[in-house]
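Please read these numbers as outputs of a predicted model, since none were measured by experiment. So that the names make sense, note that chain A is the first sequence line, chain B the second, and so on, each numbered from 1.
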Protein chains: 2
Amino acid sequence: MADPTPSTRDRLIHSGVTLFQERGFHGTSVADILTAAQAPKGSLYHHFPAGKADLARAAAHLASDLMLDIIARAYDPAEDFSGGTVRMCEKLARLFERQAHWRACPVQTLFLDGPLDRAEGERLLQSWIDATQAQGLRLHGPAPLTDAQRIWATLIGCWTFARIRGDAAPLRNMPDLLTLGETRSA
Amino acid sequence: MADPTPSTRDRLIHSGVTLFQERGFHGTSVADILTAAQAPKGSLYHHFPAGKADLARAAAHLASDLMLDIIARAYDPAEDFSGGTVRMCEKLARLFERQAHWRACPVQTLFLDGPLDRAEGERLLQSWIDATQAQGLRLHGPAPLTDAQRIWATLIGCWTFARIRGDAAPLRNMPDLLTLGETRSA
DNA sequence: TATGGTCTAGACTGATTGGTCCAATAATGA
DNA sequence: TCATTATTGGACCAATCAGTCTAGACCATA
């Protein structure tokens with residue numbers, strides 16, 4: 001599955017995703033990345049002329065693509081929309097438990113703490129919502145657009161909750177939060 | 001209302017809250033804080049012997065206290081629990097629109113990106129949930145404990161959403177998200 | 001007015017930062 | 001084979017980092 005001999009450029013991006021997602025842009029040094037990627041400085045500035053900022057942008061886009069993959073693999077085999085949502089949360093909870101950098105939501109560490117301008121980060125997050133909405137349409141969910149927005153707002157909150165509690169449970173149980181005992185009076 | 005002649009120590013903490021909450025611990029330099037607080041280096045290390053980390057801890061605790069204040073002022077005059085929740089979101093939305101550092105949720109920038117250990121950050125967030133739950137009990141909300149948890153998980157997600165969209169609307173409309181068209185099958 | 005503790009002021013330091021540069025090497029195509 | 005380009009390796013640099021140190025200002029109380 002994994003590339004047996006990844007190129008230096010790929011190792012750099014991969015290390016960038018791992019470290020930036022875990023510690024944020026300002027919490028990660030170029031030296032950290034070079035050590036993790038086993039690459040010399042010259043290679044970084046050859047492949048990413050603008051250096052750390054360039055790499056962080058590439059890492060953010062790769063992380064976004066990975067999330068689109070997770071969305072697809074969660075909903076594709078699902079029988080209904082809510083079942084897909086449960087599958088997605090379970091997948092993210094497993095990643096949370098297995099890999100340190102998945103303890104942080106990429107939106108926080110990759111999109112908001114780095115060289116991406118706000119609009120670019122918004123576009124990446126929107127692509128996740130769009131993908132989720134498309135799955136909602138395909139699976140005849142009740143209100144695909146608003147539900148996709150609700151799912152991601154709630155999911156990001158639960159992810160933060162899970163991180164500060166050091167426990168994947170809030171992430172795993174996120175679907176339970178999509179209803180509430182109390183309804184706001186219109 | 002505001003102290004007319006705040007002490008150097010108070011100016012340092014206040015600048016710490018502002019800058020750390022806006023840019024995070026690693027994105028803020030000691031020099032930035034000293035400039036904002038109009039204080040010399042000697043004063044910082046006199047009042048906070050461990051320097052930046054000490055100040056960040058104090059800032060996180062102050063920010064947490066400010067949030068407890070906001071919770072109290074939102075729910076105290078409310079007639080019912082959901083009304084108080086709406087008031088709280090409106091207050092946070094106004095702050096979001098008026099002051100740059102309120103664009104970021106303190107949980108993200110103060111509790112998770114800094115010298116606080118995870119457990120201490122969890123304790124601070126828990127104090128917000130406890131305060132909200134107490135208001136739920138007082139106002140006879142339907143399920144104070146679980147609703148307080150739901151409110152904060154959803155609120156943090158909406159806050160992140162608002163930040164990346166550059167618009168307070170998701171924060172202001174958060175109460176609408178507490179119900180969802182679709183209910184997960186038990 | 002003396003005295004002693006608190007606080008301010010900022011020069012200074014060593015480590016680390018992100019980034020530049022160029023020689024050496026590997027890969028590519030004529 | 002040779003020439004050209006792509007890539008690597010790492011020494012080097014200026015800027016910035018957090019933190020130390022000490023001289024003196026300030027402010028109580030005696």
Side-chain angles (χ1 to χ4, degrees), chain A residues 3-62 109-117 120, chain B residues 3-62 109-117 120:
Chain A
D3 192 339
T5 53
S7 68
T8 301
R9 187 172 192 280
D10 288 344
R11 290 203 313 279
L12 284 167
I13 298 189
H14 185 263
S15 300
V17 170
T18 304
L19 292 173
F20 287 135
Q21 187 167 332
E22 183 178 350
R23 309 177 195 172
F25 180 76
H26 293 104
T28 306
S29 75
V30 172
D32 289 339
I33 295 163
L34 296 175
T35 302
Q38 296 255 65
K41 215 161 225 196
S43 298
L44 170 61
Y45 287 90
H46 172 75
H47 294 291
F48 303 95
K52 193 185 177 187
D54 252 9
L55 180 62
R57 272 184 284 268
H61 281 266
L62 176 57
T109 47
L110 249 359
F111 299 177
L112 287 170
D113 178 34
L116 261 66
D117 53 302
E120 197 173 354
Chain B
D3 193 340
T5 52
S7 69
T8 303
R9 188 172 193 278
D10 288 345
R11 289 203 313 278
L12 284 166
I13 298 189
H14 185 263
S15 300
V17 170
T18 304
L19 292 173
F20 287 136
Q21 186 167 332
E22 182 178 350
R23 311 178 194 171
F25 180 76
H26 293 102
T28 306
S29 74
V30 171
D32 290 339
I33 295 164
L34 295 175
T35 302
Q38 298 253 64
K41 216 162 225 196
S43 299
L44 170 61
Y45 286 91
H46 172 76
H47 294 292
F48 303 95
K52 193 185 178 187
D54 252 8
L55 180 61
R57 270 184 287 267
H61 282 266
L62 176 57
T109 47
L110 249 359
F111 299 177
L112 287 169
D113 178 33
L116 261 67
D117 53 303
E120 197 173 353

Could you state the atom-to-atom distance from CG of A/L34 to C1' of D/dT8 in whole Å? 12 Å
Could you check whether B/R23 pairs with B/D32 (Lys NZ or Arg NE/NH1/NH2 to Asp/Glu carboxylate O, under 4.0 Å)? yes
Atom NE2 of A/H26 and atom P of C/dT17 are separated, to the nearest Å, by 14 Å
For A/V30 and A/G42, find the nucleotide of DNA chain C closest to each by heavy atoms; which residue's nucleotide sits nearer the 5' end? A/V30
Atom NE2 of B/H46 and atom C1' of D/dT20 are separated, to the nearest Å, by 16 Å
Length of the line joining B/R9:CZ and D/dC26:P, which is rounded to integer Å: 22 Å
Return the nearest nucleotide to the side chain of A/P40; candidates are D/dG10, D/dC17, C/dG19. D/dG10
Nearest whole angstrom, please: distance from the P of C/dC7 to the CZ of B/R11. 13 Å
Side chain of A/Y45 - closest among C/dG19, C/dT8, C/dT17: C/dG19
Donor-acceptor pair, distance only, cut-off 3.5 Å: does the side chain of B/T109 make one with the backbone of B/G24? no
Okay, side chain of B/K41, backbone of B/A31: is any donor-acceptor separation there less than 3.5 Å? no
When you measure from the side chain of A/K41, which nucleotide among D/dG10, D/dG19, D/dT7 comes out closest? D/dG10
Taking only side-chain N and O atoms of B/S29, does any of them lie within less than 4.0 angstrom of OP1 or OP2 on D/dT16? no
Counting heavy atoms from C-beta on, name the nucleotide in D/dT8, C/dT20, C/dC7 closest to the side chain of B/H47. C/dC7
So does A/S43 get a side-chain nitrogen or oxygen closer than 4.0 Å to the phosphate oxygens (OP1/OP2) of D/dG9? no
Nucleotide C/dT8, atom C1' - distance to CZ of B/F48 in whole Å: 15 Å
Minimum-distance nucleotide (side-chain atoms of B/T8 versus C/dT20, D/dG19, C/dT8): C/dT8
Tell me if a side-chain donor or acceptor on A/R11 pairs with a main-chain N or O of A/A39 at a distance below 3.5 Å. no
Nearest-Å distance, CG (A/L44) to P (C/dG18)? 10 Å
Take the protein atom NZ of B/K52 and the nucleotide atom P of C/dA15, then report the distance between them rounded to whole Å. 19 Å
With the side chain counted from C-beta on, respond yes when B/H26 and A/F25 share a heavy-atom pair under 4.5 Å apart, and no when they do not. no
